[in-house]
> 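The structure that follows is given in the form of structure tokens.
Residue numbering restarts at 1 for every chain, and letters A, B, ... go by the order of the sequence lines.
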Amino acid sequence: MAAGVATWLPFARAAAVGWLPLAKKIMPKPPVDKKSRNDEILFVNVSGLRFQTWKNTLDRYPDTLLGSSEKEFFYNEDTQEYFFDRDPEMFRHILNFYRTGKLHYPRQECVQAFDEELAFYGIVPDIIGDCCMEEYRDRKKENQERLAEDTEAEMGTDTPLPPNSTHRERLWRAFENPHTSTMALVFYYVTGFFIAVSVIANVVETVPCRPLKGSKKDLPCGEKFSLAFFCMDTACVLIFTFEYLMRLFAAPSRCKFMRSVMSVIDVVAIMPYYIGLVMPENEDVSGAFVTLRVFRVFRIFKFSRHSQGLRILGYTLKSCASELGFLLFSLTMAIIIFATVMFYAEKGTKGTNFTSIPASFWYTIVTMTTLGYGDMVPNTIAGKIFGSICSLSGVLVIALPVPVIVSNFSRIYHQNQRADKMRAQQKVRLARIRLAKKGTTNAFLQYKDEGGFHDRDSDNALCLKNKSSFEHQHHHLLHCLEKTTNHEFTDELTFSEMCMTESMGYRTSRSTSISSQQGMSTSCCPRRAKRRAIRLANSTVSVSRGSVQELDTLQVHKSSSGLQSRSSLNARTEDLKLNCEDRDFTAAIISIPTPPANTPDESLPPSPAFPGILRNSRTNFYTHETVKISSL
Amino acid sequence: MGAVVGTLTMQTRQRQPSRDKVDDELEMTMVCHRPEGLEQLEAQTNFTKQELQVLYRGFKNECPSGVVNEETFKHIYAQFFPHGDASTYAHYLFNAFDTRNNGSIKFEDFVMGLSTLLRGTVREKLEWTFYLYDINRDGFINKEEMTEIVRAIYDMMGKYTYPALKGDVPKQHVDAFFVKMDKNKDGVVTLEEFVIACQEDENMMRSMQLFENVM
């Protein structure tokens with residue numbers, strides 16, 4: 001029941017007095033209204049904008065924030081008002097909902113912001129009034145599509161492979177995303193080249209070449225250099241067959257792959273050759289075979305794997321299928337009508353071209369599409385009149401669905417552009433976020449270096465004062481974590497140096513590298529048995545979850561735990577051993593996007609190792625394969 | 001041909017705005033009604049100032065133009081009785097409130113009616129009820145009028161009742177009513193007969209008192 005009807009309820013109840021004389025029984029006792037009926041004005045302060053309304057107004061919708069006792073949480077005793085730290089512009093619409101019972105969607109606001117406000121105030125978006133519902137739904141759908149596209153784009157191409165993927169998976173990825181590895185790129189360009197070669201060969205072999213000696217007739221080049229063309233064709237088909245078989249092997253779902261459009265095109269492109277091989281040199285059958293060669297031109301469609309534009313065109317046509325169908329249908333109707341009319345108009349003329357209605361179809365089509373070949377021309381006056389009407393209407397009928405198709409194409413094209421732009425922007429955005437994160441962790445490490453963990457003496461206390469209380473507490477938290485795990489945080493450079501020195505296995509390099517703080521490519525190093533301290537370091541590899549908070553990747557390595565400062569670390573470098581097995585770095589667990597949690601846990605087993613002896617060293621260690629730890 | 005169709009549609013579209021303009025003018029002449037002053041209403045009714053304020057705010061919110069017409073009234077009343085059809089009874093009720101018989105209820109009418117029903121004496125309430133039942137306002141309630149009222153009330157119950165409505169229940173109800181009310185058995189009920197008969201009915205008196213705290 002609408003809330004506004006509540007106003008009339010006392011009236012309806014009063015009118016029930018009219019039933020009393022007719023009543024057969026006594027009326028039931030009415031409910032006692034305990035609350036005071038005095039209405040009062042409430043003050044609602046939203047970010048400084050003060051709104052006032054009757055309490056009754058807000059009470060109309062008791063299942064929202066303002067209508068229920070939930071608003072008491074926001075009551076400020078001192079100022080006797082309800083304070084909300086939200087957008088005051090949006091609140092206007094929310095309050096209007098209470099007043100009028102209709103929720104309107106402000107067109108200039110972002111639909112997500114509006115949704116968030118509604119969620120905060122406990123209002124379901126379904127009650128948006130009809131006047132604004134359509135706009136709201138459209139914007140919401142657009143937003144969701146965009147989000148879906150973005151997540152799809154992220155998940156899609158650039159995610160690094162999971163560590164233990166089979167060859168098959170890797171092969172499939174190489175085929176689908178050629179820019180991921182060099183081999184795939186090479187293969188991609190090679191196939192593209194061969195497609196072009198094959199298509200050009202098809203075209204050139206029909207060009208007339210100079211005739212053989214002794215004969216006067218022009219030969220098509222295909223017959224003159226038949227061996228050369230045959231060899232070229234064979235080579236191309238071999239490549240295509242090889243590619244097709246590899247794709248078939250690598251496809252995660254073979255049935256689905258075989259049904260896909262691209263695979264059908266591949267098959268159609270290479271079939272004629274094999275059929276030609278198999279076919280005997282029979283006169284009748286080879287005639288049919290010649291027509292099969294036409295299908296070789298389908299090789300040109302293989303380019304759609306290489307060209308984005310072709311794919312967009314294909315999508316457009318697919319999405320405009322209904323418009324195209326309409327176009328076709330209306331054209332057919334018009335053709336039939338006009339062909340009939342022209343036939344009967346020209347029937348009397350001697351020697352006319354319009355011998356039958358189907359024969360008139362050709363004239364109608366040529367006229368409606370304004371081609372006007374002139375091979376069939378009406379002679380009678382009536383025929384000429386109808387012919388002109390035909391050409392005029394042809395222009396209109398064709399012009400009608402074309403804007404729809406064009407707008408569809410434009411939409412798809414812009415979506416694609418946006419996807420590309422988004423990807424480019426994300427890289428920049430992620431880099432910026434990473435930089436900010438790095439700053440925070442560096443602050444912590446700096447704090448430690450300055451001896452912040454020691455019991456403060458007066459000197460230290462002074463220089464630590466200019467940190468905010470937030471930073472203090474945060475650092476304290478990280479420190480607690482270190483104490484819990486008995487390992488320490490460190491940064492990437494230090495860690496990579498330690499790893500590097502171990503991988504080289506040289507004691508000499510250790511002493512230089514640590515102090516020089518030079519970044520080097522890392523590798524796993526064996527780990528020291530006793531007194532480990534894990535140091536976490538930053539790395540610059542990102543997880544491609546751009547839309548949410550990005551995680552830093554921090555590497556893990558160990559140093560002797562007794563050392564609290566870098567200087568002493570330098571002296572004891574030979575004690576350092578780092579052990580990183582294939583990929584299971586110990587100390588960190590990847591946390592998920594929103595509030596990240598630092599919960600490293602140590603899972604590596606202790607292993608005795610001698611200084612200088614490497615275990616499980618891997619020279620081709622990639623930084624992005626480290627376990628990722630998130631820091632605030 | 002497309003151009004021809006285009007011009008035709010343009011023609012029809014141009015014709016409509018002129019008609020709309022006429023409607024707009026009519027609307028503008030219907031100025032929204034304002035009630036008499038608060039003090040006057042307070043004097044005329046048994047409500048306090050605050051109560052009148054609350055009532056008016058609700059009324060004005062629902063009907064910004066200041067008047068309620070029968071359609072709106074029926075629609076509102078129907079919302080309270082979704083099971084059955086309240087339109088007939090709402091019609092009679094509307095007529096009972098519309099003391100001036102001009103097809104619309106202003107705030108004064110609304111408030112006066114409420115004042116009688118909620119804060120009036122027993123006699124006033126009974127008079128109001130008689131006024132409601134007397135459809136043709138001739139001072140007598142005959143069986144036909146009563147039957148219509150009772151049927152309208154049973155219509156509000158809807159189809160699904162317990163026990164199920166079998167037979168001509170409204171007619172039996174009316175007969176019982178007449179047996180009680182019609183003292184001199186002349187087939188009609190006058191105001192005096194009605195008042196006396198009701199005052200003798202203890203159940204009814206008790207029920208009437210329960211309604212005093214509706215507002």
> Taking all non-hydrogen atoms of both residues into account, name the closest pair between A:Ala12 and B:Tyr77 and its distance.
CB-CE1, 3.9 Å
> Check whether more than 12 heavy atoms from other residues, nucleotides or ligands sit under 6.0 Å from atom CD1 of A:Ile381, and answer yes or no.
no
> Just wondering, are more than 12 heavy atoms of other shown residues or ligands nearer than 6.0 Å to CD in B:Glu202?
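Incorrect, the count does not exceed 12.
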> Check the surroundings of atom NZ in A:Lys102: do more than 12 heavy atoms from other residues, nucleotides or ligands lie under 6.0 Å from it?
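No, because the 6.0 Å sphere around NZ of A:Lys102 holds 12 heavy atoms or fewer from other groups.
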> Based on non-hydrogen pairs under 4.5 Å, which of B:Leu117, B:Val150, B:Val174 is most in contact with chain A?
B:Leu117
> How long is the gap from CG on B:Leu132 to CH2 on A:Trp19, to the nearest 0.5 Å?
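These two atoms lie 11.0 Å from each other.
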> Do A:Arg13 and B:Phe80 make a side-chain contact, defined as non-hydrogen atoms from C-beta onward lying under 4.5 Å apart?
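Sidechains of B:Phe80 and A:Arg13: no contact.
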> Measuring heavy-atom distances to chain A, does B:Leu126 have an atom under 4.5 Å in its side chain, in its backbone, in both, or in neither?
neither
> Scan the side chains in residues 382-400 of chain A for donor-acceptor partners under 3.5 Å anywhere in the protein, sequence neighbours excluded, and list what turns up.
from     : atom 1 : to       : atom 2 : distance (Å)
A:Ser388 : OG     : A:Lys384 : O      : 3.0
A:Ser388 : OG     : A:Ile385 : O      : 2.7
A:Ser391 : OG     : A:Ser388 : O      : 3.0
A:Ser393 : OG     : A:Ile389 : O      : 3.1
A:Ser393 : OG     : A:Cys390 : O      : 3.0

> Quick one: what part of B:Met205 sits under 4.5 Å from any heavy atom of chain A, side chain, backbone, both or neither?
neither
> I'd like to know which of B:Lys125, B:Arg206, B:Met208 tops the heavy-atom pair count under 4.5 Å against chain A.
B:Met208
> With sequence neighbours excluded, tell me which residues meet side chain to side chain donor-acceptor pair (under 3.5 Å) with A:Trp54.
none
> Give, as side chain, backbone, both or neither, the part of B:Phe73 having an atom under 4.5 angstrom from any heavy atom of chain A.
side chain
> If you count the non-hydrogen atoms of other residues, nucleotides and ligands that lie under 6.0 Å from CG in A:Asp130, is the total more than 12?
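Count not over threshold, so no.
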> Quick one: what part of B:Phe97 sits under 4.5 Å from any heavy atom of chain A, side chain, backbone, both or neither?
side chain
> Would one find more than 12 heavy atoms of other residues, nucleotides or ligands at under 6.0 Å from atom CZ of B:Phe140?
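No, because the 6.0 Å sphere around CZ of B:Phe140 holds 12 heavy atoms or fewer from other groups.
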> Name the region of B:Phe130, side chain, backbone, both or neither, that has any atom closer than 4.5 Å to a heavy atom of chain A.
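Neither the backbone nor the side chain of B:Phe130 comes within 4.5 Å of chain A.
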> Considering only heavy atoms, which portion of B:Tyr131 lies under 4.5 Å from any heavy atom of chain A: side chain, backbone, both, or neither?
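Neither part.
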> So for B:Val68, is it side chain, backbone, both, or neither that comes closer than 4.5 Å to the heavy atoms of chain A?
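For B:Val68, the side chain is the part near chain A, not the backbone.
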> Taking atom OH as the centre, does A:Tyr344 end up with more than 12 heavy-atom neighbours from other residues, nucleotides or ligands that are less than 6.0 angstrom away?
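Counting neighbours around OH of A:Tyr344, 12 or fewer heavy atoms of other residues, nucleotides or ligands fall under 6.0 Å, so no.
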